Number of protein chains: 2
Amino acid sequence: MKEQNETQKNSKEFSDDCHKLLSSVSDALYAIGGKWKLMIIIAMARGNHRFTELQRMVNGISARVLSSELKELEMNGFIVKKVDVGYPVSIEYHLLPYSETLEEVVGALSRWGMQHREKIKNDMSTQRQTKP
Amino acid sequence: MKEQNETQKNSKEFSDDCHKLLSSVSDALYAIGGKWKLMIIIAMARGNHRFTELQRMVNGISARVLSSELKELEMNGFIVKKVDVGYPVSIEYHLLPYSETLEEVVGALSRWGMQHREKIKNDMSTQRQTKP
DNA sequence: CGGCATCCAAATAGATACTG
DNA sequence: CAGTATCTATTTGGATGCCG
């Protein structure tokens, strides 16, 4: 290992680093990627616990998709489904502590999303000058 | 506005906050969501600039998909395509400064992905005890 | 209300072949 | 090398209806 020249070594380590970075990001996207999972978790963190509440809050999601996403989130340990067998039966979904580990990701994404929207807006208004 | 009771007001503001958070995250996912865009940007940041380099580095992407993703990234101002008309013609893709704004997002995702992989590993090994 | 089953349409992805 | 074109297979999603 130590005997290979610096160029090779640096290149190899660089490439290894890259693979590690890629696979960890890939793992993250696999678990919480897609359009809906983070949105559902955000909505739930903000006090929406019922199926229909969630569907109203998460814009554009259908019942079928919400249903299957909730199932996956439950299987993966992000949320728990609580069934209250009163009358009428009430079903609520709640975040488990593990969801809190996503705070940094959600924060980074929302900050970036906000400033990205600004950028798009500026791009559009400057473009309008050249092509009215 | 001021006349509504505190419960309603707080609930309304909470809901507004939620919508803002949801829409900014949604914007972010729209721009850099999907399996590939971030991966391509990461690989490029780590020194992969040629089409085939990128395809080798980003595991599982096909030429067709890589091609279309690169086009989108270019249109959205993340990367630039440089054509060197020497012999042989060489084509390279490079990150534009705007890609650097994604650093925080990439960092958060990779940290989360790493610790998530650990969690999965532990879950699997503890589960193996009960069902060998 | 909180879903599941079914059917159908649309989007996406893979394989393969071909081009300059 | 750096793609494009075409075709097909698979995934995904919406709409609808039904059920407890």
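Since this is a predicted model, take the numbers as computed values, not measurements. Order of the sequence lines sets the chain letters (A, B, ...), proteins ahead of strands, with each chain counted from 1.
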**OP:** Tell me, with the steps shown, if Ile79(B) and Glu69(B) meet side chain to side chain contact (heavy atoms under 4.5 Å, CB included).
**Re:** CA-CA 11 Å; Ile79(B) 68 173; Glu69(B) 296 283 290; over 6 Å; no

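- Its side chain outside the 4.5 Å cluster rule for every partner, Met114(B) clusters with none of the Ile, Leu, Val, Met, Phe, Trp and Tyr residues.
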Under 3.5 Å between N/O atoms: give me all the protein pairs with nucleotides 18-20 of chain C, atom names plus distance.
none

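- Ion pairing of Glu53(A) with Arg56(A) is absent here, as no side-chain N (NZ or NE/NH1/NH2) approaches a carboxylate O to less than 4.0 Å.
- Annotation: the span from Arg50(B) atom CZ to Gln55(B) atom CD amounts to 13.5 Å, rounded to 0.5 Å.
- Atom NZ of Lys119(A) has more than 12 heavy atoms from other residues, nucleotides or ligands within 6.0 Å.
- Between atom CG of residue Leu66(B) and atom OH of residue Tyr93(B) there is a gap of 7.5 Å, rounded to the nearest 0.5 Å.
- Within 4.0 Å (heavy atoms only), Tyr93(B) reaches sugar-phosphate atoms of the nucleic acid but no base atom.
- Summarising the geometry, the separation between CZ on Arg56(B) and C1' on dA2(D) is reported as 13 Å, rounded to the nearest angstrom.
- Separating the CD1 atom of Ile91(A) from the P atom of dC19(D) is a distance of 18 Å, rounded to the nearest angstrom.
- The separation between Tyr30(A) atom OH and dT11(D) atom P is 12 Å, rounded to whole Å.
- Tyr87(A) shares a hydrophobic cluster with no other residue; no ILVMFWY side chain has heavy atoms under 4.5 Å from its own.
- The separation between Lys35(B) atom NZ and dA11(C) atom P is 18 Å, rounded to whole Å.
- Taking CG from Leu54(A) and CG from Asn48(A), the interatomic distance works out to 5.5 Å, rounded to the nearest 0.5 Å.
- For the contact set between residues 61-80 of chain A and DNA chain C, defined by any heavy atom under 4.0 Å, the members are Arg64(A), Ser67(A), Lys71(A).
- Applying the side chain to side chain contact (heavy atoms under 4.5 Å, CB included) rule to Ser67(B) yields the partners Phe51(B), Lys71(B); only residues at least two apart in sequence or on another chain are considered.
- Following rounding to the nearest Å, Leu54(B) (CG) and dC1(D) (P) show an atom-to-atom distance of 13 Å.
- For the pair Lys37(A) NZ and dT12(D) C1', the computed distance is 12 Å after rounding to whole Å.
- Distance, Gln55(A) CD to dA15(D) P: 11 Å, rounded to whole Å.
- Residue Lys81(A) places its side chain closer to dG3(C) than to any other of dG3(C), dG13(D), dC1(C).
- Taking the centre and axis of the six-membered ring of Phe78(A), the NZ or CZ atom of Lys37(A) falls outside the cone set by 45° and 6.0 Å.
- Rotation axes derived from the C1' atoms of the five outermost pairs at either end of the helix from dC1(C)-dG20(D) to dG20(C)-dC1(D) lie 40° apart, to the nearest 10°.
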Original post:
What do the steps show when you test Glu92(A) against Asp84(A) for side chain to side chain contact (heavy atoms under 4.5 Å, CB included), and what is the final call?
Top reply: CA-CA 8 Å; Glu92(A) 293 197 345; Asp84(A) 177 356; over 6 Å; no

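- When the C1' atom of dT11(D) is taken as reference, atom CH2 of Trp36(A) falls 16 Å away, rounded to whole Å.
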